[in-house]
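The block underneath contains the structure these notes are about, expressed in structure tokens.
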Amino acid sequence: MSTTATLSVPTPSAAFETSTVERRAVGEHDVLIDIAYSGICHSDIHQARNEWAEGIFPMVPGHEIAGTVAEVGPGVTKYAVGDRVGVGCFVDSCRECENCRAGEEQYCLKGEVPTYNGKDYDGVETYGGYSKQIVVHEDYTLGIPEGIELDVAAPLLCAGITTYSPLHHWGAGPGKKVAIVGMGGLGHLGVKIAAAMGAEVTVLSQSLKKEEDGRRLGADHYAATSDPETFESLAGTFDLIVNTVAATLPVDKYLSLLRLDGAMVNVGIPADADTYHAFSLAGMRRSLAGSKIGGIRETQEMLDFCAEHGIGAEVEVLAPEPAVIDEAYERVVGSDVRYRFVIDVAALEG
Ligand code: NAP
Ligand code: ZN
Ligand code: ZN
């Protein structure tokens with residue numbers, strides 16, 4: 001066992017504080033990672049504020065982890081000390097169910113082990129990346145290719161794969177019109193990735209405030225959803241809409257933007273339920289779907305794709321101080337983030 005410094009929330013919605021947690025001893029197939037940066041995902045906020053379900057407190061959020069290997073267990077073959085590695089939203093899965101065997105561990109039928117706010121299969125609580133070190137099995141550790149700096153790589157481990165996976169699954173590419181709804185942490189990476197895949201990309205944002213950035217990141221078009229004209233001029237346009245919004249939306253209006261056989265995929269997970277009318281789907285054989293992060297194999301594929309295309313997140317690096325993290329959470333909730341906060345956890349004292 002070892003003790004590591006963390007930033008944690010003692011009770012739901014409480015302010016952050018510095019604390020420590022115990023990490024397990026490095027096992028046969030484990031790697032000990034010195035975490036350099038940990039991204040702030042909107043899911044961290046949902047969980048730290050108990051917006052989804054009863055969380056486990058104290059909570060150390062963080063599932064966008066990038067760092068270097070500090071120690072390896074004797075049976076480790078994939079990584080060596082000094083390697084640049086990442087950890088995403090889960091740190092174990094059953095490995096036996098049909099979804100695990102298919103490389104879709106995020107849909108493990110036994111339930112994958114979340115990086116934080118969960119329990120290992122032996123019942124021990126998990127604590128995430130807002131900490132200096134973490135111990136993870138090598139099979140659930142990703143390699144960060146040369147060419148992507150660790151600060152801009154960290155958000156790829158959740159925001160990157162969460163947008164890459166549905167874009168890939170639903171065939172974003174040349175000749176396809178793709179809309180990304182919401183240009184925050186997930187959305188801005190969705191724009192970069194969809195553009196790199198060759199799709200014609202439109203950002204649907206609440207306003208035109210971030211239009212210049214959207215176009216710089218690769219969007220061909222940019223429209224404001226606060227303008228009713230947007231829903232008229234873009235009716236029946238898209239093959240695929242990836243919705244990254246962390247709030248409920250008027251789903252029927254968005255479905256009306258899909259062409260025949262188009263799909264709207266929700267990756268944003270608001271606290272409350274959305275509603276829609278079946279006519280919005282039936283009329284144009286449209287689909288409404290959802291998608292959750294991605295499996296280990298696909299996450300590595302995404303990291304390699306991003307390295308090849310020079311894609312990293314646009315980040316604002318934060319000092320690892322509780323008040324700074326509290327303020328960052330407020331800014332994310334207020335859509336005031338350009339476009340992902342990452343915490344310099346290596347600078348945590350202790
Ligand atoms: P984020 O950085 O806060 O981005 C969300 C964006 O949605 C905002 O930047 C804003 O973009 C837009 N938005 C916010 N409130 C809105 C409203 N009331 N109406 C319309 N648009 C609004 O959050 P994120 O980290 O990207 O995460 C987004 C959601 O995805 C969260 O619910 C998170 O839990 C979920 N998530 C899901 C998965 C998964 O596996 N499915 C993985 C990670 C995260 P504009 O300013 O451009 O309008
Ligand atoms: Zn996340
Ligand atoms: Zn499984």
Side-chain angles (χ1 to χ4, degrees), residues 38-49 51-52 61-65 88-90 92-117 121 128-129 154-166 180-191 203-211 213-214 217 219 222-226 242-250 253-254 265-272 274 289-296 299 313-314 316 328-341:
S38 190
I40 295 181
C41 178
H42 206 120
S43 304
D44 298 346
I45 303 173
H46 290 308
Q47 292 176 85
R49 297 183 173 179
E51 289 172 357
W52 285 343
H63 57 209
E64 293 187 335
I65 297 170
C89 297
F90 57 94
D92 203 0
S93 70
C94 86
R95 301 155 190 260
E96 288 167 358
C97 72
E98 59 179 323
N99 296 347
C100 280
R101 287 203 312 272
E104 304 272 20
E105 301 91 347
Q106 74 279 26
Y107 304 118
C108 175
L109 297 174
K110 184 176 174 184
E112 71 281 14
V113 175
T115 303
Y116 69 89
N117 191 24
Y121 292 137
L156 299 177
L157 276 301
C158 175
I161 185 59
T162 300
T163 48
Y164 179 92
S165 184
I180 304 288
V181 188
M183 206 170 79
L186 266 56
H188 90 287
L189 282 169
V191 171
V203 176
L204 298 175
S205 183
Q206 294 167 96
S207 72
L208 296 180
K209 275 191 288 196
K210 297 181 273 193
E211 177 169 4
D213 287 347
L217 303 183
Y222 201 102
T225 53
S226 53
V242 178
N243 168 24
T244 76
V245 174
T248 54
L249 289 180
K253 279 173 71 179
Y254 285 85
V265 182
N266 287 326
V267 293
I269 306 187
D272 299 317
D274 271 322
S291 182
K292 185 171 95 170
I293 43 176
I296 293 294
T299 305
E314 308 282 303
E316 194 175 316
Y329 271 33
E330 288 308 317
R331 283 184 54 195
V332 173
V333 170
S335 301
D336 177 24
V337 53
R338 311 244 169 140
Y339 284 88
R340 199 56 140 185
F341 289 117

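Both ligands and their constituent atoms are indexed starting at 1 by order of listing. Numbers for residues simply follow the sequence, beginning at 1.
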Using only atom types and a distance under 3.5 Å, with no angle test, would you say the side chain of [X] pairs donor to acceptor with the backbone of [Y]?
{"X": "Thr115", "Y": "Phe90", "answer": "yes"}
{"X": "Gln47", "Y": "Pro61", "answer": "no"}
{"X": "Asn99", "Y": "Tyr107", "answer": "yes"}
{"X": "Lys210", "Y": "Ser205", "answer": "no"}
{"X": "Arg331", "Y": "Asp336", "answer": "yes"}
{"X": "Ser38", "Y": "Gly129", "answer": "yes"}
{"X": "Glu105", "Y": "Ile296", "answer": "yes"}
{"X": "Gln106", "Y": "Gly295", "answer": "yes"}

Testing the basics here: between [X] and [Y], what is the closest heavy-atom pair and its distance to 0.1 Å?
{"X": "Thr248", "Y": "Pro270", "value": "N-CB, 3.8 Å"}
{"X": "Tyr121", "Y": "Cys108", "value": "OH-SG, 4.1 Å"}
{"X": "Ile40", "Y": "Ala328", "value": "CD1-CB, 4.0 Å"}
{"X": "Ile65", "Y": "Gly62", "value": "CD1-O, 3.8 Å"}

Would you check whether [X] reaches within less than 4.0 Å of ligand 1, judged by its heavy atoms?
{"X": "Arg340", "answer": "yes"}
{"X": "Ser291", "answer": "yes"}
{"X": "Tyr222", "answer": "no"}

Short list, please: which atoms of ligand 1 are under 4.0 Å from a heavy atom of [X]?
{"X": "Trp52", "answer": "34 (O)"}
{"X": "Ile269", "answer": "32 (O), 35 (C), 41 (N)"}
{"X": "Ser205", "answer": "45 (P), 46 (O), 47 (O), 48 (O)"}
{"X": "Val332", "answer": "3 (O)"}

How close does the nearest protein non-hydrogen atom get to [atom], and which residue and atom is it?
{"atom": "atom 13 (N) of ligand 1", "value": "Gln206 NE2, 3.4 Å"}
{"atom": "atom 26 (O) of ligand 1", "value": "Leu186 N, 2.8 Å"}
{"atom": "atom 37 (C) of ligand 1", "value": "Val267 O, 2.8 Å"}
{"atom": "atom 46 (O) of ligand 1", "value": "Lys210 NZ, 2.8 Å"}
{"atom": "atom 29 (C) of ligand 1", "value": "Thr244 O, 3.3 Å"}
{"atom": "atom 3 (O) of ligand 1", "value": "His42 ND1, 2.7 Å"}
{"atom": "atom 11 (O) of ligand 1", "value": "Met183 N, 3.2 Å"}
{"atom": "atom 40 (O) of ligand 1", "value": "Ile293 N, 2.8 Å"}

Only one of Val267, Thr162, Leu189 clears side-chain contact (heavy atoms from CB on, under 4.5 Å) with Thr244; which?
->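 Passing option: Val267.
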Quick one: which of Ile269, Val332, Leu186 gives a side-chain contact (heavy atoms from CB on, under 4.5 Å) with His42?
-> Val332
Please work out the angle at the Zn ion (ligand 3) defined by atom SG of Cys108 on one side and atom SG of Cys100 on the other, rounded to 10°.
->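 Roughly 100°, rounded to 10°.
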Rounded to 10 degrees, the angle SG of Cys94 makes with SG of Cys97 at the Zn ion (ligand 3) | 110°
Within His63, is some N, O or S atom less than 2.8 Å away from the Zn ion (ligand 2)?
-> yes
Please find out if the Zn ion (ligand 2) and some N, O or S atom of Cys41 are separated by less than 2.8 Å.
-> yes
Best match, [options]: closest heavy atom to [atom]:
{"atom": "atom 6 (C) of ligand 1", "options": "Gly184, Cys158, Ala247", "value": "Gly184"}
{"atom": "atom 14 (C) of ligand 1", "options": "Gly88, Ser335, Gly214", "value": "Ser335"}
{"atom": "atom 39 (C) of ligand 1", "options": "Leu249, Val337, Thr162", "value": "Thr162"}
{"atom": "atom 30 (O) of ligand 1", "options": "Gly182, Gly268, Pro270, Ala224", "value": "Gly268"}

Measure the acute angle between the ring planes of Tyr339 and His188, then classify it against the limits of 30° and 60° as parallel, tilted or perpendicular.
->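 Judged by the thresholds at 30° and 60°, the geometry between Tyr339 and His188 is parallel.
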When only distance counts, is Ser43 in polar contact with ligand 1, meaning an N/O pair under 3.5 Å?
->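 Yes, since at least one N or O of Ser43 sits under 3.5 Å from an N or O of ligand 1.
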Counting only heavy atoms, which portion of His46 has something under 4.0 Å from ligand 1: side chain, backbone, both, or neither?
->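 Answer for His46: side chain.
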